[in-house]
Amino acid sequence: QVRLVESGGGLVQPGGSLRLSCAASQSISSMLGMSWYRQAPGKQRYLVAAISRIGETTYGDLVKGRFTISTDNAENTMYLQMNSLKPEDTAVYSCFAWWDTPTPGNSWGQGTQVTVSS
């Protein structure tokens with residue numbers, strides 16, 4: 001199975017920024033799309049952002065205008081640039097990928113903790 005490994009999480013003050021990375025074990029050009037989810041204790045999993053193979057993006061309402069999703073095919077890595085962070089952004093952020101070649105499938109990363117606190 002495709003391995004996804006997140007990094008870049010940590011503690012940041014409100015208003016600060018972090019960039020999360022999701023490194024894939026195979027070419028991300030083979031992915032139909034990739035996305036970032038987050039989940040805080042007691043809350044449902046929330047779709048933060050998604051990007052398709054052709055570069056189209058979508059964002060959850062709570063992060064629009066503050067977060068940016070991108071991919072670097074040469075590095076087999078997806079990024080989430082998070083700016084103007086709020087305490088409400090505190091969560092475990094996980095990457096997700098889906099594909100249809102050679103056969104349809106998907107994969108989750110283990111997640112990285114983001115804590116926004118003063």
Could you tell me if the side chain of [Y] sits less than 4.5 Å from the side chain of [X], heavy atoms only?
{"X": "Met34", "Y": "Ile28", "result": "yes"}
{"X": "Met31", "Y": "Met78", "result": "no"}
{"X": "Asn73", "Y": "Ser27", "result": "no"}
{"X": "Gln39", "Y": "Val92", "result": "no"}

Quick one: does any side-chain atom of [X] pair with a main-chain N or O of [Y] as donor and acceptor, under 3.5 Å?
{"X": "Ser118", "Y": "Gln13", "value": "no"}
{"X": "Arg3", "Y": "Ser25", "value": "no"}
{"X": "Tyr59", "Y": "Ile69", "value": "yes"}
{"X": "Gln110", "Y": "Val5", "value": "no"}

Quick one: do [X] and [Y] end up in the same hydrophobic cluster if we chain Ile, Leu, Val, Met, Phe, Trp and Tyr together by side-chain heavy atoms under 4.5 Å apart?
{"X": "Leu62", "Y": "Leu85", "answer": "yes"}
{"X": "Val116", "Y": "Val63", "answer": "yes"}
{"X": "Tyr46", "Y": "Trp36", "answer": "yes"}
{"X": "Leu4", "Y": "Tyr93", "answer": "yes"}
{"X": "Leu47", "Y": "Leu80", "answer": "no"}

Atom [atom1] in [X], atom [atom2] in [Y]: separation rounded to 0.5 Å?
{"X": "Trp108", "Y": "Cys22", "atom1": "CH2", "atom2": "SG", "result": "10.5 Å"}
{"X": "Cys95", "Y": "Glu6", "atom1": "SG", "atom2": "CD", "result": "3.5 Å"}
{"X": "Asn83", "Y": "Leu18", "atom1": "CG", "atom2": "CG", "result": "9.5 Å"}
{"X": "Arg53", "Y": "Leu32", "atom1": "CZ", "atom2": "CG", "result": "5.5 Å"}

Closest non-hydrogen contact found for Ser84 with Ser17 is N-OG, 4.3 Å
Note: Ser94 and Gly111 closest approach over all heavy atoms is OG-CA, 3.5 Å
* Take Gln113 and Thr90 through the test side-chain contact (heavy atoms from CB on, under 4.5 Å) and record every step on the way to the result. => CA-CA 8 Å; Gln113 177 71 46; Thr90 296; 3.9 Å; yes
From the list Asp89, Leu20, Leu11, side chain to side chain contact (heavy atoms under 4.5 Å, CB included) partner of Val114 resolves to Leu20
Practice prompt. For the pair Lys64 and Asp61, evaluate salt bridge (charged side-chain N to carboxylate O under 4.0 Å, His left out) and give the outcome as yes or no after the intermediate values.
Written response: CA-CA 5 Å; Lys64 285 180 179 177; Asp61 289 342; 3.2 Å; yes
